[in-house]
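Some notes on the structure that comes next.
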Number of protein chains: 2
Amino acid sequence: MKIKEVSQKYNIPADTLRYWERQGAIPPVNRDEAGYRDYDQEDMDWISFAQCMREAGVSIEYLIEYIELFKGGKKTLEARKDLLREQLKVIKRHLDEVQNTYDLINKKVQNYETHVEGYHGKLIK
Amino acid sequence: MKIKEVSQKYNIPADTLRYWERQGAIPPVNRDEAGYRDYDQEDMDWISFAQCMREAGVSIEYLIEYIELFKGGKKTLEARKDLLREQLKVIKRHLDEVQNTYDLINKKVQNYETHVEGYHGKLIK
DNA sequence: ATAAACCTTGGAGTCGACTCAAAGGCAAGC
DNA sequence: GCTTGCCTTTGAGTCGACTCCAAGGTTTAT
């Protein structure tokens, strides 16, 4: 699969896919005879992974670190697990914050539904 | 309450509080005789609001828009409600994505717990 | 009354993450 | 065989959101 197809499939700009690879946030992608990137399923799994992580707010730097470990093979298993656990905690915290805001805005919209005037109201009890 | 106290209370750098105000992401804060910012409860409610929204990924631009509307008073009620509803949708989408990633990473950590070798595994089924 | 610790502004600098541009190679259709 | 459209790299530019700095005013403690 060429870069444009992958770009469309995952809705990620081709420039971003190249950028991620250049930075080392995903492993190097195989090339065809012309030197064009030719993504296989594994490459795309890595893209999915990176996309998820990025959407959850994980930095490129962390992804690079994970890939670095992955390159190190079996002996980095523990380190990788630790890294993921660490990120999991960060994501959880973020998740709770977003959930909190969602609930608050939701209430606020309710207020707008039922209240009068230029009511602002408290967001935090 | 002076800026340093507010900064500590909400754990937001004073520079950021000034920045938000300068941009119009929160309404102007009252000043004392010396020209120093003197935050009252309402100011702090706005800071809470901005903090929540920012944590949920809402841009400064949106906050400015909301404040602009708020300045317009009663006649902007509908527009404000619409804006919040719109943001609510965006936050919801983000929330689902983050939740999704959380679950995936969680599974991945489980895999590391039970699996052998340099197993990467699929993240997306 | 002088230093330390606040505060002010305007503007410049930084940082992460893209995003674009230039210069050029390959490939398919007319 | 030439145009169109894709691909390559390197390097520079942009953007949002801070973050810091300089120059200067105020307040508090000694």
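Every chain is numbered from 1 and lettered A, B, ... according to where its sequence line falls, protein lines coming before strand lines.
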Open item on the list: Which residue in the set A:Val29, A:Asp38, A:Ile26 passes side-chain contact (heavy atoms from CB on, under 4.5 Å) when paired with A:Asp43?
Closed with: A:Val29
TODO: Flag the pair B:Asp96 and B:Lys92 as a salt bridge only when some basic side-chain nitrogen lies within less than 4.0 angstrom of an acidic carboxylate oxygen.
DONE: yes
Task: Between C1' of C:dT8 and OH of B:Tyr39, the distance in whole Å - done: 12 Å
Open item on the list: Over all strands shown, is A:Arg18 touching base, sugar-phosphate only, or nothing at heavy-atom distances under 4.0 angstrom?
Closed with: base
TODO: Take atom CG of B:Asp38 and atom P of D:dT26, then tell me their distance rounded to the nearest Å.
DONE: 17 Å
TODO: When you get a sec, tell me which of D:dC7, D:dC18, C:dA17 is the closest nucleotide to the side chain of A:Arg54?
DONE: C:dA17
Task: A:Leu63 CG - C:dA17 C1' separation (whole Å) - done: 12 Å
Open item on the list: Between C1' on C:dT14 and OH on B:Tyr19, what's the gap in Å once rounded to a whole number?
Closed with: 13 Å
TODO: Specify the separation, in whole Å, of atom NZ of B:Lys4 and atom C1' of C:dT8.
DONE: 16 Å
Task: Below 4.0 Å: OP1/OP2 of C:dA17 and any side-chain N or O of A:Trp20 - done: no
Task: Rounded distance (Å) that lies between atom P of C:dG16 and atom CD1 of A:Ile64 - done: 10 Å
Task: Nearest heavy atoms of B:Ala56 and A:Val98, plus distance in Å - done: CA-CG2, 4.0 Å
Task: Derivation and outcome, salt bridge (charged side-chain N to carboxylate O under 4.0 Å, His left out), residues B:Glu113 and A:Arg85 - done: CA-CA 11 Å; B:Glu113 231 99 72; A:Arg85 262 209 274 261; 3.2 Å; yes
Task: Whole-Å distance separating the CD atom of B:Glu5 from the C1' atom of D:dT27 - done: 14 Å
Open item on the list: Is the distance between the ring centroids of A:Trp46 and A:Phe70 under 6.0 Å?
Closed with: yes
Open item on the list: Distance check needed: C:dC6 P versus B:Asp15 CG, whole Å only.
Closed with: 15 Å
Open item on the list: So if I take residues 21-37 of chain B and measure heavy-atom distances to DNA chain D, which residues fall below 4.0 Å?
Closed with: B:Ala34, B:Tyr36
Open item on the list: Tell me whether the NZ or CZ atom of B:Lys108 lies within the 45° cone about the ring axis of A:Phe49 and under 6.0 Å from its centre.
Closed with: yes
Task: Ionic contact status for A:Arg18 with A:Asp15, cut-off 4.0 Å - done: yes
